[in-house]
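Heads up: the structure comes next, in structure tokens.
Reminder, nothing fancy here: chain letters follow the sequence lines and each chain counts from 1. Both backbone and side-chain heavy atoms feed into the values below; hydrogens, waters and symmetry mates do not.
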Protein chains: 4
Amino acid sequence: MLVETGSAMTVLARFRQVRAETMVFAGRLTPEDMMVQSCAEASPVKWHLAHTSWFFETFVLAEFLAGYQAFHPEFHWLFNSYYKALGEMPEKKLRASFSRPALEEILAYRRHVDAGIVRLLENGAENEAVRRVVLGLEHEYQHLELAATDIKHAFFTNPLHPAYLHGAPGEPASAPEPVWVRFAPEAPGLIACGVTPEAAAVESFAFDNETPRHQRFQLPYELASRLVSCAEYLAFLEDDGYARPELWLSEGWDRMREEGWQAPLYWQRDAASAAGWRVFTLRGWQSLESLLATPVCHLSFFEAEAYARWAGCRLPTEFEWEYAVAASAVEGNLLESGRLHPAVAAAAEPGRVAQLWGDVWEWTQSPYTGYPGYRTLPGALGEYNGKFMSSQMVLRGGSCVTPRASVRETYRNFFAPGTRWQFSGLRLARDVAEG
Amino acid sequence: MLVETGSAMTVLARFRQVRAETMVFAGRLTPEDMMVQSCAEASPVKWHLAHTSWFFETFVLAEFLAGYQAFHPEFHWLFNSYYKALGEMPEKKLRASFSRPALEEILAYRRHVDAGIVRLLENGAENEAVRRVVLGLEHEYQHLELAATDIKHAFFTNPLHPAYLHGAPGEPASAPEPVWVRFAPEAPGLIACGVTPEAAAVESFAFDNETPRHQRFQLPYELASRLVSCAEYLAFLEDDGYARPELWLSEGWDRMREEGWQAPLYWQRDAASAAGWRVFTLRGWQSLESLLATPVCHLSFFEAEAYARWAGCRLPTEFEWEYAVAASAVEGNLLESGRLHPAVAAAAEPGRVAQLWGDVWEWTQSPYTGYPGYRTLPGALGEYNGKFMSSQMVLRGGSCVTPRASVRETYRNFFAPGTRWQFSGLRLARDVAEG
Amino acid sequence: MLVETGSAMTVLARFRQVRAETMVFAGRLTPEDMMVQSCAEASPVKWHLAHTSWFFETFVLAEFLAGYQAFHPEFHWLFNSYYKALGEMPEKKLRASFSRPALEEILAYRRHVDAGIVRLLENGAENEAVRRVVLGLEHEYQHLELAATDIKHAFFTNPLHPAYLHGAPGEPASAPEPVWVRFAPEAPGLIACGVTPEAAAVESFAFDNETPRHQRFQLPYELASRLVSCAEYLAFLEDDGYARPELWLSEGWDRMREEGWQAPLYWQRDAASAAGWRVFTLRGWQSLESLLATPVCHLSFFEAEAYARWAGCRLPTEFEWEYAVAASAVEGNLLESGRLHPAVAAAAEPGRVAQLWGDVWEWTQSPYTGYPGYRTLPGALGEYNGKFMSSQMVLRGGSCVTPRASVRETYRNFFAPGTRWQFSGLRLARDVAEG
Amino acid sequence: MLVETGSAMTVLARFRQVRAETMVFAGRLTPEDMMVQSCAEASPVKWHLAHTSWFFETFVLAEFLAGYQAFHPEFHWLFNSYYKALGEMPEKKLRASFSRPALEEILAYRRHVDAGIVRLLENGAENEAVRRVVLGLEHEYQHLELAATDIKHAFFTNPLHPAYLHGAPGEPASAPEPVWVRFAPEAPGLIACGVTPEAAAVESFAFDNETPRHQRFQLPYELASRLVSCAEYLAFLEDDGYARPELWLSEGWDRMREEGWQAPLYWQRDAASAAGWRVFTLRGWQSLESLLATPVCHLSFFEAEAYARWAGCRLPTEFEWEYAVAASAVEGNLLESGRLHPAVAAAAEPGRVAQLWGDVWEWTQSPYTGYPGYRTLPGALGEYNGKFMSSQMVLRGGSCVTPRASVRETYRNFFAPGTRWQFSGLRLARDVAEG
């Protein structure tokens, strides 16, 4: 990744804010809630609290703070997630067995690490240390988002289906009709994507996988002005979308059959609902009819792709998304809105695309690979992004549980195509007939 | 099962005691500890606390206490373990997701149920209700023992390996040499095993699987005067016991290879230990050399059986054990000793067998089946024991985490032959040469 | 195992006959048919042809025929089934990859081995050699039966569902009503089961697992006069037998659900059949209505046991079966009848039990364990039976594909309780009310 | 796919040739060999013979030959591979159970289909029919290659390790040193890849996944002048390549560990070999030292990618390969050479890249996706390529078992990244430092 400049003091202010946001989110959970690991993708929230502190301790304090004393002699490996260059680590599936260290001890660990970072930054850290702190904040934001998706799955798995928050936001009953918005790069059709290491280093943070900035040839294309809604997805479902192999990638069809998917994750048949389904949210069960105009979410890539084929369209590439979003401000239904669920689209201005930011991560048709000339960071931090560049697809734009500051036009999220526990949905794209 | 007579008031006193013992055991654990479910056989301790209350609520209060109000409308299915006659239940593996209800609510549930039972017994319950309370207490004791074995596994899985209690008991360095003790039923060689429903009903509790009392033909046989020790088992291990297929049942060999067993569960290679291994206990890691004279435990049936073959002997049948124990008092290293680990045998009196009670459950060569004329209880309680009568082996005698009052000469414990998380070991037996 | 006396010449005549019977059975198959291995339990018929020859080569010729030259330097391990004392062997599931050696080479191997055995027996073999030949013949018969069950499964798996033989035998439409036949051992209730090594050695062959002869205490009991029929089993099925957990052992219920059992193996729903099902046989598809009076077969132990519970009865023990069969002649629908499917029972004589021999292997409620004082044979042959004594159930009586000479009153067949590819069915038993 | 024009008579001549080549290849196998299916990716050769005929029957004869009588009423579904639009099909893993239809019947099926195609083409087929025949020939060639890879795996699985052919070709002991060859598209850096549907239709065959022809932006790059050799790969292996996680993609590392890879597929440790390994080939075992200069093959994408990282380079993209191959003639070590194993590279002319065609399929870093504007064919044929566009990687160039006529500069082969049973290897690429 690349890091912003800016004084250590600015970074310190951000550090305090981000670390506090994590604790605000966790504050609505009990220590027992924070123990749950309900699927292979998820981790207990308590682990997220520890691991994000471990990241600062390992990559910042241990290297840059003179005289730093590790909080606990075992934590260096206990809270390592996947950095093999740092040695062994516990198996991921065992994280729910970490009743010890107790939450109280994890919170003490956070305070210990916080104090170290404050001391470092107040005393004038060298540039690389500051850059690492900034990276740690991006990392913390990613885990804050994961904590939200993980606890949603945990509460869904709990037979009592508790709600994280109470009270539905009350969405409008209908969304504006989607229209096609055209994008046509000028001859010779080259667009630039990603960021340069240099620009990133002096302006703003970016991960290594967003670099280097490079040119791509792009034909004219069109994007839908808003995300696909639950009502639209329901039409696909009711048109036997889950029973027609011609709509699906072969791998997707097999996966869907094996796992018994009949609808997006978190939809459950409900005879009491006018639309036939209820939907589990961070605010508890909602009837599908109350959400029909909201963007559909918790789709796998395979479902998104099948829907697009059914609709006679296709998914956008990640570059089409990036070109469309241009330098627009990051505004939308992100974590800060407090909704914690995708919201009905506002009317888009003519010629503009709405809902590019927030609501749901948009599956693209782009496999997650390195950009031309991509280089990983040296050392253990090189494992942050690069080693996952196979069999995953890129998602763009952030979701309703993404912190605003952690997303940007070049940001590339990535998940395996069968993943559904993230807030993931889609926007339609299509080619432009020539002439 | 069958139930003792005795006044409701006597039962009430026992009820208070047993319920309190559970809480004493749990009192050394944190709410987070009580969330952990670290293997397929185990359950979280919190779940044990709830399920034992559910048992009283379902089988006693709901049926026999007029006007009883269920504590929570969902608990009737949430804390059902395996009684299919009562309807659906959550999948066992999801029990670790029950962050809600919180431990505090489970404790309130216990108090609510306790109050109901007290009211019932104080106001003169009918006989069947009292019998059910007695059954519930036996059930609670079984779960208290399970809680101990489950938390041991949980702490072993935890990378920090916390101890449940601190301080090793300090065992003697050597055990008395084992001698053979002979048993020869008189002509025509018939012995009686199990209990009659009638006798049980007027004297003491027994489960249905201990009935009916029946005759069996028994040849003369000999039992070793004490359990097999760690030192003896180490000799088997060092004689390539885990690498010689001729010593193993075919199913056991395959299982051992698949799961990579190289020693009893909880043994770990340890270069720092004179004996080459360390052993995880409820009192934390102990060097194997400090435990050499103690009974080996956490063996599967397959390991116990292979050891016996290596030693030129065999496992006893459950009937040989029962005949040998005769009407001896239940005295030994049981839960009440507070050791929580098997102890070195005392010297046996001449002609007597030691360590029949406590220390470790003794694997027998008897498959778990119904006795001739066996009948399950009517209704859901018929699922308590009978439906597990396939592919399991009987163990006898209780372990160091078995409450004294829950074990008796006819008590039959049973587990699948690959099970190792229980405190299970063995005693040698052999046929007597005729003449 | 134990072996008959009788001159080597008598054994030679039997050897020629048994080996020829195997080839007659295989003669109706193509080399391609003999390649198929359609489930984990089965082996290709070609492998059976080779392995039975390997048995004679390994345990007889290599040890007892001076100057014997092995047919092929690799066959000693290639066709080893499970004798670990003899070294490594190929994984069972790879047997279908043995296109080489070609069938022609396997047949040459058989001739080579045959010539060796003839030379040995003609020139006066020592007693142990003759005993081994006899054992090899029993072994060959077991594999002849396995070949029949394996090819049935292979043809069922083949989408074209070829028949091994053509033409249905034309069974009667009804069977005699079953009646209860009572057995009551005289006081003190002891019966003798199994054979003595000595008696076996001078009279007739028996496997080691049939020894020693020993006494058992036996209460009075009753057996049904014939096997359970398809019509009777259909009534269980139509009474929601596969949907009522109270009828099933817990392990059986889980297995049935996991594998989607809805009827015996080889039954398929068939709208064109009056009884709603068709049944695959070695003579191709038959309508269930044409087989209603025949014994139900291809049941797991779990299904047999559930049926018995539904019928208010129980399965017999293996000893009850053995006591009932007494010294009756082995007569029934065995392989020699040529039917290759269970047949409708004839009327039993008053006070006699019919269908004890042949038709289907009868599941008993007896787990497969060693008799008191059981000893395995020394050396590799000790692996023949003893190492399988866990988690299996005993079946008695032989089936319609069992060679007559290979079954006897003390013969113990054994399979895991979920096994269904054998011709396995059941007979009901019940306790006798006292007084 | 797209099809060439050319008279029906020309196509007929090619039809006869291709169909004959398949039979020549199969002619060295026994009917038993053709039954084997030794891994999940493979099919029995007999099935390949039938399926390729099914393809002509289904997509040509049934649609275009008036009065065509299907050979067998069940074959329409029996030999369907994966075309769900045509209805059900047998599970792939059951193909080894197809002892019936016998090979003889499959050969009769081939003759029946051949006669139909001849009749059709001789009598003046319409254009679409001719196009379908051409497609069927490409399809047949693909299956001819698969038959070669499948039988290699079958013979490797066979414990006797038979050879398909005898006699090693005798390769040179050393290969020319690789040099870097530079490619630099002219400004603005656009290259064209793929073919237009129109051009394909009038010139030569191409599959739908090779269309449309489209522009891409391409930076200057370099390719190694030859493939990576066994000697070079051995250096990676001996440099602990399989034990250093920093060299591997995360998915690849996990896969390698799970499956226990320690070398390319078909390498086996061999103390008798100077290089420490022997290598299984279609000509039987060869010592690794005799193959050191030949291209390494049977690598997964993960191994190829790890090797490239270890070498400080990267894999080429599929477009870099296509640009480099330009319009060169398809000449190399393809199926027609008869070697059936990769061969040592000849010296490349200065500035030229050698071994682009044949020897091994070259893993590229390009995920297999549709080109911009890609459309699948209508109907069932649309399932040929498009539905596999997820989680697979593109390979280019053909292997030593690829028929020459079936490969071309735009041809895209694709396999999942863990696949190793194909003749797959790699060529190094690198970026060009700017300035």
Side-chain angles (χ1 to χ4, degrees), chain A residues 26 28-40 42 44-47 49-50 54 71-80 87-107 109 150-164 284, chain B residues 26 28-40 42 44-47 49-50 54 71-80 87-107 109 150-164 284:
Chain A
R28 293 196 191 86
L29 302 171
T30 68
E32 292 165 78
D33 291 338
M34 294 193 227
M35 283 286 296
V36 179
Q37 180 179 35
S38 58
C39 64
V45 172
K46 186 167 91 168
W47 182 89
L49 297 183
W54 170 92
F71 178 76
H72 187 290
E74 301 278 354
F75 283 13
H76 72 96
W77 77 281
L78 192 59
F79 293 116
N80 183 357
E88 294 299 303
M89 66 212 70
E91 272 190 273
K92 180 171 181 181
K93 67 176 179 185
L94 296 185
R95 291 175 186 166
S97 74
F98 297 178
S99 63
R100 316 280 178 93
L103 178 62
E104 274 311 314
E105 193 172 2
I106 300 300
L107 297 181
Y109 181 37
D150 292 357
I151 203 69
K152 180 171 181 178
H153 196 274
F155 282 173
F156 179 65
T157 303
N158 186 311
L160 298 180
H161 296 120
Y164 174 79
Chain B
R28 292 196 192 85
L29 302 171
T30 68
E32 292 164 79
D33 290 339
M34 295 194 226
M35 284 286 295
V36 179
Q37 180 179 36
S38 58
C39 64
V45 172
K46 186 166 90 168
W47 182 89
L49 296 183
W54 170 92
F71 178 77
H72 188 290
E74 301 277 355
F75 284 14
H76 72 95
W77 78 280
L78 192 58
F79 293 115
N80 183 357
E88 294 300 304
M89 66 212 71
E91 271 190 273
K92 180 171 181 181
K93 67 175 179 186
L94 296 186
R95 291 174 187 167
S97 74
F98 298 179
S99 64
R100 317 282 177 93
L103 178 62
E104 275 310 315
E105 193 171 2
I106 300 300
L107 297 180
Y109 180 38
D150 293 357
I151 203 68
K152 181 171 181 178
H153 196 274
F155 283 173
F156 178 66
T157 303
N158 186 311
L160 297 180
H161 297 118
Y164 174 80

Notebook entry, point to check: Given the options B/M34, B/E74, B/K46, which has more heavy-atom pairs under 4.5 Å with chain A than any of the others?
Noted result: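 Between B/M34, B/E74, B/K46, the count favours B/K46.
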Note to self: So, using ring pair (Phe, Tyr, Trp, His ring centres under 6.0 Å) as the criterion, who are the partners of B/F75 when residues are at least two apart?
What the structure shows: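 Checked B/F75 against ring pair (Phe, Tyr, Trp, His ring centres under 6.0 Å); matches are B/F71, B/H72, B/F79, B/Y109.
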Next item on the list: Find the distance between OG1 (B/T157) and CZ (A/F98) and round it off to the nearest 0.5 Å.
Entry: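 B/T157 atom OG1 to A/F98 atom CZ measures 10.0 Å (nearest 0.5 Å).
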Heavy-atom distances under 4.5 Å only: say whether [X] touches chain B with side chain, backbone, both or neither.
{"X": "A/P90", "value": "side chain"}
{"X": "A/A102", "value": "both"}
{"X": "A/P162", "value": "side chain"}

Item checked: Close side-chain approach of B/L160 and A/P101, heavy atoms under 4.5 Å ->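 In contact.
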Considering all heavy atoms, the nearest [X]-[Y] contact:
{"X": "A/S97", "Y": "B/N158", "value": "O-ND2, 3.3 Å"}
{"X": "B/R28", "Y": "A/R100", "value": "O-NH2, 4.3 Å"}
{"X": "A/V36", "Y": "B/A96", "value": "CG2-O, 3.8 Å"}

Item checked: Exam field: side chain A/E32 to backbone B/L103, donor-acceptor pair closer than 3.5 Å ->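 Here the side-chain-to-backbone pair exists.
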Next item on the list: Examine whether an atom of B/K93 lies under 4.5 Å from a heavy atom of chain A, and if so say whether it belongs to the side chain, the backbone or both; otherwise answer neither.
Entry: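 Contact with chain A involves no heavy atom of B/K93 at all.
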